[in-house]
Amino acid sequence: MRTIKDLVDISGKTVFIRCDFNVPKDEDGNITDDRRMRGALQTIRYCLDRNCKVILASHFDRPTPGVYEEQYSLATVVTRLKTLLKIASKITLANDVVGVDAQAKVAELKNGEVLVLENLRYEAGETKNDATFAKQLADMADIYINDAFGACHRAHASIEAMAHLFDENHKAAGFLLAKEVNFFEKTLEKPMRPFVAVVGGSKVSGKLEALKQLLDKVDKVIIGGGMAFTFLKAQGYEIGNSLVEDNLLDEARTIMIKARKQGVKFYLPVDFVIAPEFSDKCVAKYVPSQEIPSGWMGLDIGPASSRLFREVINDAQTIIWNGPMGVYEMDKYAKGSIKMSHNIADTHATTIVGGGDTADVAQKAGDVDEMTFVSTGGGASLELIEGKLLPGIEALKM
Ligand code: AMP
């Protein structure tokens with residue numbers, strides 16, 4: 001995969017950079033974590049230092065195409081970008097994506113200036129990988145750079161169709177994308193052992209393929225979060241009203257058998273924080289995993305599991321962590337995830353955190369700086385682990 005540094009001379013050119021500015025916001029619309037934006041700065045600065053005209057584009061959330069609702073606008077992103085870039089030159093936001101305003105602003109764009117297009121998903125063509133929309137975007141620029149690792153697993157117009165419209169001398173990966181891909185590939189290819197995967201989150205289904213792939217690579221697997229209950233039920237445990245995917249009980253059994261056959265140590269939580277309903281406004285208590293009463297649900301791992309998992313990762317040299325240990329969004333059920341984050345950060349291992357939620361936990365725990373690498377892409381990093389080819393990365397190669 002060629003990176004922006006491999007492009008012979010981009011000086012003074014109009015460069016289109018597909019970024020991932022799909023940042024989390026709170027209920028008041030404030031950006032709560034701008035890591036993805038900070039990750040994009042290196043590529044943007046590289047272009048500005050070469051006096052390029054820079055066009056930035058990103059999706060944000062899931063607006064209804066064709067409806068320009070303010071809550072999905074990139075206006076807040078542009079304000080934050082001005083603070084982060086700390087440059088004197090102009091940074092403007094177009095009122096549309098490929099419409100009259102965007103076209104006029106592209107025509108007026110001067111060297112060393114930045115134009116941000118509105119939310120790509122305001123246009124129906126984006127998620128449809130539409131060739132006409134991709135062409136409209138491509139016509140704006142001389143060079144196409146993809147720096148949106150978090151969106152590379154999606155065959156969308158600004159990620160795939162657009163990349164195909166540039167030849168190899170006029171398209172490349174940005175610094176962030178290159179760093180993400182190199183890190184995952186290198187780690188998965190030659191991990192220092194013991195190599196431990198910590199997998200959590202809501203469902204087995206979303207991580208099934210990644211789990212299977214990981215079994216061939218890791219020495220130990222720790223399962224937490226809602227997905228643990230499918231494995232526990234598959235072993236015959238009573239799990240009350242906890243989250244479960246009954247259609248995956250056989251898959252869960254197969255995974256555990258495969259782990260045993262391959263000598264991969266497989267750890268499930270030994271206790272939980274349980275509550276009678278999915279709420280933080282009710283009583284909650286600790287119970288061993290064998291004792292979840294009917295009508296109650298497990299919403300976080302308990303203290304004994306946290307201690308057990310700390311022992312398990314103690315000697316690890318490489319740790320991949322994807323998925324929280326509980327419903328961390330509610331403080332009452334965040335302890336297991338926060339402790340997991342501290343425990344991972346405290347090891348001497350190379351630690352890789354993947355997934356928006358997981359990065360959010362590490363951030364809340366104050367551990368981000370202690371981790372070796374925090375990926376900006378959840379789905380994309382899972383697909384890399386699964387060994388899948390990512391459309392955005394493939395399109396840069398062709
Ligand atoms: P995922 O997107 O699959 O990584 O899942 C992240 C989500 O899993 C978070 O929103 C958590 O609230 C949720 N989660 C974690 N543990 C549980 C649990 N025990 N019950 C229900 N949801 C959970």
Side-chain angles (χ1 to χ4, degrees), residues 22 24-27 32-33 61-62 150 153 197-211 214 221-234 237-246 248 251-252 267-280 282 284-289 292-293 295-306 309 320-341 344 352-365 374-386:
N22 189 26
K25 289 188 184 174
D26 64 17
E27 57 275 21
T32 51
D33 181 4
D61 214 336
R62 296 199 165 121
H153 58 309
V198 180
V199 187
S202 53
K203 290 180 179 166
V204 181
S205 48
K207 293 177 185 162
L208 191 65
E209 277 313 309
L211 254 178
L214 281 169
V221 175
I222 292 173
I223 301 281
M227 66 160 62
F229 300 104
T230 301
F231 288 98
L232 287 170
K233 187 165 181 185
Y237 286 93
E238 191 51 62
I239 56 155
N241 284 348
S242 306
L243 200 68
V244 69
E245 287 167 287
D246 283 316
L248 289 180
E251 281 281 4
Y267 296 92
L268 288 168
V270 291
D271 64 342
F272 288 102
V273 181
I274 59 164
E277 53 191 282
F278 192 85
S279 158
D280 54 358
C282 56
K285 58 183 184 182
Y286 296 128
V287 290
S289 26
I292 302 176
W296 289 62
M297 60 183 80
L299 295 174
D300 192 11
I301 59 169
S305 307
S306 292
F309 294 164
I320 280 194
W321 179 26
N322 190 308
M325 297 291 104
V327 185
Y328 78 99
E329 295 92 334
M330 301 183 204
D331 285 346
K332 201 166 183 166
Y333 311 115
K335 265 189 195 159
S337 303
I338 300 278
K339 278 190 191 160
M340 193 75 223
S341 175
I344 291 176
I352 305 158
V353 178
D357 286 328
T358 324
D360 204 18
V361 171
Q363 167 109 340
K364 275 193 179 162
V374 179
S375 173
T376 55
S381 62
L382 272 180
E383 293 201 9
L384 274 187
I385 292 171
E386 286 165 22

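In each ligand, atom 1 is the first atom listed, and ligand 1 is the first ligand listed. Source: prediction; values computed, not measured.
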Does the side chain of F231 reach to within under 4.5 Å of the side chain of V204, using non-hydrogen atoms?
yes
Got V221 and L214 here, is their nearest side-chain heavy-atom distance under 4.5 Å?
no
For M330, is there any backbone N or O sitting under 3.5 Å from a side-chain donor or acceptor partner on D280?
no
Short side-chain to backbone donor-acceptor contact, D300 and G336, under 3.5 Å
yes
Between the CD atom in E329 and the CG atom in D360, the distance rounded to the nearest 0.5 Å is 8.0 Å
Close N/O pairs between ligand 1 and protein, under 3.5 Å:
{"from": "ligand 1", "atom 1": "3 (O)", "to": "S202", "atom 2": "N", "distance (Å)": "3.2"}
{"from": "ligand 1", "atom 1": "3 (O)", "to": "S202", "atom 2": "OG", "distance (Å)": "3.2"}
{"from": "ligand 1", "atom 1": "4 (O)", "to": "K207", "atom 2": "NZ", "distance (Å)": "2.8"}
{"from": "ligand 1", "atom 1": "5 (O)", "to": "S202", "atom 2": "N", "distance (Å)": "2.9"}
{"from": "ligand 1", "atom 1": "5 (O)", "to": "S202", "atom 2": "OG", "distance (Å)": "3.4"}
{"from": "ligand 1", "atom 1": "8 (O)", "to": "S202", "atom 2": "N", "distance (Å)": "3.1"}
{"from": "ligand 1", "atom 1": "10 (O)", "to": "E329", "atom 2": "OE2", "distance (Å)": "2.4"}
{"from": "ligand 1", "atom 1": "12 (O)", "to": "E329", "atom 2": "OE1", "distance (Å)": "2.7"}
{"from": "ligand 1", "atom 1": "12 (O)", "to": "E329", "atom 2": "OE2", "distance (Å)": "3.4"}
{"from": "ligand 1", "atom 1": "16 (N)", "to": "G226", "atom 2": "N", "distance (Å)": "3.1"}
{"from": "ligand 1", "atom 1": "19 (N)", "to": "G298", "atom 2": "O", "distance (Å)": "3.0"}

Partner set under side chain to side chain contact (heavy atoms under 4.5 Å, CB included) for E251, not counting sequence neighbours:
L208, K212, L248
